[in-house]
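Values below: every heavy atom of this structure, side chains too, minus hydrogens, waters and symmetry copies. Throughout, residue positions are numbered sequentially from 1 according to the sequence presented.
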Amino acid sequence: MKTNSFFQWVNLRSRELLAVAVTAGAPCATAAPTHAATGQAGLPPGLTAAIIDTTVERTRQAFDVPGIAIGIVHDGKIVFTRGYGRRAEDRASPAVDARTLFAIGSNSKEFTTTALSVLVDEGKLRWDDRVIDHLPEFRVSDPWITRDFRISDLLTHHSGMGLGTGDLMLFSHSTFTRREVLAALPYMPFTAPFRTTYAYNNLLYVVAGAVIERVSGQSWEEFLQSRLIDAAGLPACQSTPPTRDEADVATGQGEGGPLPVREGLRLPAVAPAGGVWCSADGVSRWAQIYLNGGVTPEGKTIFSRARRDEVWAPHALLPLPDTAEATKTHFRAYGYGWFIEDFYGQRRVWHTGTINGMVSYVNFLPELGTAIVVLTNHDDHNATYSIATTLSSYVVKGGSDDWIGHWKREEDAKKAANAEQASARGPGSPARPFHQLSQDEQREYLGAYRDDWRGDIFVTRRGGDLRLTFSKADGLAGTLSALPHDLFVARWDIRGQDGEDDCYVQFERDVEGKITGMKMRLLGSDFSFDAQDLHPRKISDHS
């Protein structure tokens, strides 16, 4: 799954105090942590190991999370790391520990912006440099925007491109290269004026990665590994996916199968926006260095405090979250790879990441010298929000509202409403039944279709079913079920990974009644399956 949960906060309905002991009637898991804490002495005031354990185990049970790793940094030291649960959905899988590798998704964006910070420190680029001065081949759909697009514009999600634009080149089994992503940028739709509207975007972080490669002469992976991860001494952390010779690796929800061998590893286009794998130990040291202004505990400077302050400064304003009244939040903004807001009167800097069925959360309270790291192997942002918000509340004000109960109730209510809508009025329901088409009726849809940026899409027949298959994707294929008026639903084959991305497919006809193309629209809410930006034209028929 994708990086799709960063600002979807919900209204607060309950603010019951979560005590160290679980409140009466609240569910509580009894499983013990699976890895001893390191350095428990020195936890932030208001936070104890018992509170952390209770919060994490209650969250694991409430949201059915197989495994969680936690790290706490305070007063310049890593004061707590611990693993809970198991590394995979399989109940026989090994236990999570503080060195278990997790995919951290969009928390990789901070590594990309930090890599740019290193280049700024070295005088090799500036934040306000034009992108075309470093990447002359860079183009977007508007020539004026192309000429004025700055390095900083790649990082703040206010380019004018829509939410998740182009993510189908990065996720959903995509085999696109970064070069191909850059070549497709001129076809990306703009839905707002330049630098006016916030809309989360992954593509431009891929461009930022290309800038790093061009300026440094190294691949993004090599630069991050050598200049950040290795230089900073981050344990159990890497810029490439794990391979078969690495044993302590988490598996995300819906994922599975053997890890690749390094010789055959294909580096994905998405890496600068979501490619880092790291452990609680590794991310905790990363947070420790950030709190220390870019300097390791041993005194080695990785990046300057000035750059740290620039990436943590507000650069694009966001609407307030729905939880603003409860958390006393008066502003929210995006920096360079970080969200910034106030939280019960304290500055809060944070980011989440969702990829490969895992969700991460890195959360700073800089004025209190504290950072909280949450890594999970379950595709549910409510779990990470629950833990990070609860523990942050204890640090800031010595207690917490019942965020676990709140987000669990919201999640259950949303699932119930979606299920009711699907059964009563959704496609395939008694109100909107699917229709069986004859072979002659199916034949006019068969053929190859081409989208300007996503490439070729094929409609074929297998047995009695119409099938939709994407090119440049290892496994994105599904069955088309017919509704009236040339409308179909694409139900993807790999349910564990793609089931939430089922979508409508509306075929189009010319005045003579011949199929000329299609439009698509997502059935669910995962903005990274940006089907609405596709408009494939039919280019050939198949009998």
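Side-chain contact annotation: Thr100 with Asp97, donor-acceptor N/O pair under 3.5 Å present. A donor-acceptor contact under 3.5 angstrom links the side chains of Asp245 and Thr243, judged on distance only. Checking Tyr200 against Ser106 by side-chain atom types alone, a donor-acceptor pair falls below 3.5 Å. Side chain to side chain, Thr376 and His378 fail the donor-acceptor criterion of an N or O pair below 3.5 Å. Between Asn377 and Arg87, the side chains place no donor N or O within less than 3.5 Å of an acceptor N or O (distance only, hydrogens not considered).
Contact annotation: the side chain of Tyr84 never approaches that of Val65 to less than 4.5 Å [non-hydrogen atoms, C-beta and beyond]. No side-chain heavy atom of Lys328 sits under 4.5 Å from any side-chain heavy atom of Lys397.
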Legend entry - Criterion ring pair (Phe, Tyr, Trp, His ring centres under 6.0 Å) on His351 and Tyr334, from CA distance to verdict: CA-CA 10 Å; His351 212 286; Tyr334 201 82; 5.7 Å; yes
Inset, instruction - Given side chain to side chain donor-acceptor pair (under 3.5 Å), test Tyr344 with Ser392 step by step and report yes or no. - result: CA-CA 10 Å; Tyr344 296 115; Ser392 296; over 6 Å; no
Inset, instruction - Start with the C-alpha distance between Tyr290 and Trp312, add both sets of side-chain angles, then the distance that settles ring pair (Phe, Tyr, Trp, His ring centres under 6.0 Å), and finish with yes or no. - result: CA-CA 10 Å; Tyr290 247 90; Trp312 275 5; 5.6 Å; yes
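Taking the ring centroids of Trp350 and Phe343, they lie at or beyond the 6.0 Å cut-off. Aromatic rings from Phe171 and Phe529 are positioned such that their centres are separated by 6.0 Å or more. For Tyr205 and His157, the ring centers are positioned less than 6.0 Å apart. Here Trp286 and Phe111 bring their ring centres to under 6.0 angstrom of each other.
A salt bridge links Glu298 and Arg285; the closest N-O separation between the charged side-chain nitrogens and carboxylate oxygens is under 4.0 Å.
Checking Leu365, Asp342, Leu368, Ile340 one by one against Arg347, the side chain to side chain contact (heavy atoms under 4.5 Å, CB included) holds for a single residue, Ile340.
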